[in-house]
Structures are given as C-alpha cells and as structure tokens.
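Structure first, then comments.
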Amino acid sequence: MTRIRGWCPSLYDPMASGDDLLVRVKPPLARLSAEQALVLAEAAGAAGNGRIELTQRANLQVRGLTAARLPGFVAALRGAGLADPDPGVERRRNLIPPPLPSPAAEALCRALEAVLAAAPAALPGKFGLALAEAAEPCPGADIMLRLAAGGVTLRLAGGEAVARSAAAEAPAAVARLIAALLDGPPGRMAQAVREQGAAALFARAGLTAGASPPPEEAPAGPPVGPSVGPSVGPSVGALAGGFGLGLPFGVMTVPALGELAALAAAEGDGSLRLTPWRSVLLPGVRRAAVPGLIDDPADPRLALRACPGSEGCASGRAPVRREALALLGLLRAPPPGLLHLSGCAKGCAHPGPAALVLVAEAPGRYALVRHGRAGDAPLAAGLSLAEAAARMEER
Ligand code: SF4
C-alpha cells in the first residue's frame with residue numbers, strides 16, 4: 001500500500017502512516033447513534049491505537065490498524081451502517097452537514113449525498129460539499145451552500161461570487177457544477193476557479209453569479225478570529241439544542257467515545273453529532289463532563305490548532321502539541337484568535353489562515369506568521385516559546 005500525496009483515505013482505502021494504517025470513517029450526516037458509537041469504540045479499541053481523531057470535515061480517523069486487523073474493523077463498521085457498501089460511493093461521500101440540521105437542511109443534505117453517490121468516478125477523492133444553516137458559519141469545501149431566505153446560496157472554493165438557487169433546485173445545480181469541474185483540467189474546485197473564474201463555472205452550470213455575498217449573510221469559510229464561544233457556531237458547552245464537548249487537538253480516547261455514547265443514550269436523544277469544529281454535540285443533553293474532553297467554551301485550548309509534529313509525522317520538526325500547551329501557559333491572556341502551531345510549513349492542522357501561526361524550525365524554535373498560513377513568509381524566526389509568547393502579545 002503506497003502513501004500518495006493528496007490522496008484521501010477511506011474505510012476501504014487505508015493510508016499507510018507512521019502509525020501503521022489509518023482509515024477514515026464518514027458517519028452518514030456526521031451523526032452516530034449511541035449503538036454505532038459503541039461499535040466504533042469497540043472496534044477501534046480492538047484494532048487501533050486507542051485514540052480516535054475528529055477531522056475538520058467532521059469525519060473520524062482511526063490509526064494504528066494492522067493489515068491483519070483491518071478486515072474485522074471494516075466488517076464491524078459496515079455492519080453498523082457506518083459506511084456505504086460501494087467503495088466508490090464511500091470515497092465520494094464528502095459532505096459536511098450542519099451539526100443540528102433543520103428539517104429543510106436535513107432534506108437537502110440527503111439530496112446532496114445522492115448527488116455525490118451518483119457523481120462520476122473521476123471526481124477527486126478530496127472533493128467535498130458543505131451546507132450551513134443561514135445563521136451559522138460554513139466550513140470550507142469545494143462547493144459551500146447556505147440556506148437563505150427563499151432558497152440556497154452557493155459559493156465555490158477560492159471564489160467570492162455567490163449564486164442563488166431554489167432549495168429544490170440546489171442538488172441539480174451542484175450536479176451541474178460537478179460536471180463543469182470535471183469538464184476541465186483535472187483538479188479541485190479552487191484550481192478551476194483560479195483558472196476559469198467562478199462566474200464562468202456558475203454560468204456553465206446554468207447559474208448566475210452575484211459579484212459579492214448578499215449583505216444579509218456573513219461570508220462563508222473557515223472561522224478565523226475568535227475561535228472560542230458561539231462565534232464559531234454550535235460547538236462547545238450548553239447550546240440551544242444540547243451540549244457540546246470539544247476534543248483537544250481533535251483527538252479523543254476510545255473510553256471517551258464510550259462515555260459520549262452512554263451520555264447520549266441516557267440523557268440525550270440517543271445520537272452524537274460530529275462538528276467540523278472538532279467537537280461532538282449531544283442533542284438533548286443539558287450538562288456533560290467527560291475526562292479528557294473540553295466542556296468550557298472559554299477553554300483556551302479551543303483556540304489551538306496543532307498537528308502531531310515530530311511525535312507522529314516524519315516531517316515534523318518539533319513536538320508541537322506539547323509545545324502548544326506549554327505556550328498557552330506562558331501567555332498572560334488568551335490568544336486573540338486562532339493560534340496554529342505547525343510541525344512544518346505544510347500546515348496540515350489548519351490549511352486556512354489563522355490570527356497567529358508558529359511554524360516549527362526545531363524543538364522549541366518557531367517562526368511567527370500573523371494573519372496568514374503556515375506557508376506564508378514569517379515576520380520573525382528562531383523564536384523560543386517565551387519569545388514567541390512575548391511577540392504574540394504585541395499589538
Ligand atoms: S504540518 Fe508538517 S509536520 Fe505537521 S502533520 Fe503536516 S507534514 Fe507533518
């Protein structure tokens with residue numbers, strides 16, 4: 001099994017990583033029943049490394065699987081309804097839904113899943129859709145849809161233009177946009193937008209692009225700036241529809257997943273909802289505490305993004321998660337926005353811009369980027385953690 005840059009793992013296509021095999025599980029509509037969560041916890045405990053990761057696409061990842069244990073793991077998850085039987089459909093099933101969808105959003109999600117299932121096999125494995133309720137931030141995706149008064153707005157990755165559609169027409173519009181993408185050179189939507197322009201792609205799909213987002217809507221895209229509290233959408237703490245628990249660095253243990261399942265069954269509606277903001281929502285639960293998970297929306301760890309660095313990646317130049325926690329201890333005030341520590345300039349933990357980015361050069365040494373990405377030119381280099389903390393607090 002070869003690790004290919006840019007390729008996306010699934011349940012049927014494990015990826016070789018430094019930690020044996022990695023598989024990605026895509027619960028339909030980013031939702032698990034308590035029973036499904038227990039099946040996953042048991043299977044991951046038996047076959048994986050004891051930890052489960054939650055990705056920015058609201059998928060789950062299990063690492064540490066061996067080739068011998070993989071078939072049993074796949075069979076358990078398929079049996080629990082956590083994967084499509086068709087590997088091609090499973091590969092394309094990339095949709096980030098609202099964590100607590102309204103009936104209209106849920107119906108649209110199901111229609112969009114059908115569009116992805118029926119899409120040509122040539123669709124890139126990383127291609128994905130995201131749908132947001134009108135008042136919520138929309139995660140980044142190739143096509144970003146948002147419910148709006150009287151219909152749906154559509155944006156393309158890398159483009160500012162917005163098109164509108166009636167909700168009932170939106171799935172067909174997405175199918176035409178996929179056809180327009182596949183009609184051009186191979187690549188993702190952002191590349192097509194760069195090369196052809198969003199307005200041209202919309203036009204080929206029979207849609208008319210507006211020059212800018214309608215004024216009543218917030219711009220779509222990954223949340224940047226304050227990452228703690230309700231400004232990033234339903235995430236952590238007491239919420240209108242339940243309770244959210246955050247996963248530090250997007251990781252939870254197998255026992256923690258078991259506890260979430262027990263809480264959902266005993267106090268909630270029996271389901272767990274995965275968010276792209278690295279949290280799990282328990283609808284109907286009023287208060288929850290699970291060891292190792294974040295239940296306080298003011299917890300500064302919610303502002304952190306960090307890859308494993310040298311503790312899990314051959315390209316990592318420092319143990320960035322440990323050093324990120326050490327850095328928090330040096331700050332006199334919470335970070336003024338999203339704080340991204342990256343093991344190298346690739347920036348896997350947060351490909352989008354962040355208020356502050358520290359890129360590891362060596363253990364304990366970082367380059368600083370403000371309001372940018374890990375690959376951007378740094379303002380300063382060779383900073384110790386204490387020096388980085390002091391520079392970060394400069395306004
Ligand atoms: S950012 Fe670099 S060190 Fe971190 S996971 Fe990606 S490739 Fe590895």
Side-chain angles (χ1 to χ4, degrees), residues 1-10 13-25 48-65 124-126 128 139-140 188 190 222 224 227 247-252 276-278 301 303-328 335 337-385 388 392:
M1 222 161 299
T2 310
R3 186 175 189 175
I4 303 169
R5 192 176 286 272
W7 166 78
C8 235
S10 75
D13 299 310
M15 182 172 78
S17 74
D19 194 5
D20 284 320
L21 299 176
L22 174 157
V23 294
R24 188 166 293 163
V25 182
N49 66 3
R51 294 190 296 276
I52 297 168
E53 300 170 353
L54 176 54
T55 75
Q56 294 189 95
R57 287 183 164 207
N59 294 158
L60 296 165
Q61 286 184 170
V62 178
R63 294 175 184 265
L65 291 127
K126 284 191 171 181
R188 301 267 308 273
V224 177
S227 62
L247 279 60
F249 304 120
V251 180
M252 65 180 152
W277 304 294
R278 302 260 165 84
R301 289 175 295 170
L304 285 180
R305 300 289 181 273
C307 68
S310 58
E311 291 182 311
C313 176
S315 302
R317 301 183 193 128
V320 287
R321 286 183 178 166
R322 267 197 292 134
E323 294 189 343
L325 295 175
L327 181 66
L328 276 190
L338 205 62
L339 170 55
H340 178 193
L341 272 76
S342 186
C344 75
K346 195 172 169 195
C348 299
H350 185 73
L356 294 157
V357 188
L358 290 173
V359 183
E361 299 171 327
R365 291 284 158 189
Y366 286 85
L368 173 67
V369 175
R370 275 187 198 275
H371 302 293
R373 295 174 167 82
D376 290 347
L379 291 173
L383 301 175
S384 67
L385 288 177
M392 287 165 54

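Remember, it's 1-based here, ligands and their atoms both numbered in the order they're listed.
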| Should the pair Arg63-Glu53 be classified as a salt bridge under the 4.0 Å nitrogen-to-oxygen rule? |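 Answer for the salt bridge query: yes.
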| message | Between the side chains of Arg322 and Glu311, is the shortest nitrogen-to-carboxylate-oxygen separation below 4.0 Å, so that they form an ion pair? | response |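 Judged by the 4.0 Å cut-off on N to carboxylate O distance, Glu311 and Arg322 do form a salt bridge.
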| Side chain to side chain, Leu21 and Met15, heavy atoms closer than 4.5 Å |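 Side-chain contact under 4.5 Å: no.
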| field | Residues lining ligand 1 [heavy-atom distance under 4.0 Å, listed by chain and residue number] | value |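 For ligand 1, the residues that come within the 4.0 Å heavy-atom cutoff are Cys307, Cys313, Ser315, Gly316, Ser342, Gly343, Cys344, Lys346, Gly347, Cys348.
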| query | Of all residues at least two apart in sequence or in a different chain, which pass the side chain to side chain donor-acceptor pair (under 3.5 Å) check with Arg365? | reply |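 By the side chain to side chain donor-acceptor pair (under 3.5 Å) rule, Arg365 matches no residue at all.
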| field | Ala349 backbone acceptor or donor facing Gln56 side chain under 3.5 Å | value |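 Side chain of Gln56 to backbone of Ala349, a donor-acceptor pair under 3.5 Å: yes, one is there.
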| query | Name the one of Val359, Leu358, Leu341 that satisfies side chain to side chain contact (heavy atoms under 4.5 Å, CB included) with Val320? | reply |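 Exactly one option meets the side chain to side chain contact (heavy atoms under 4.5 Å, CB included) with Val320, and it is Leu341.
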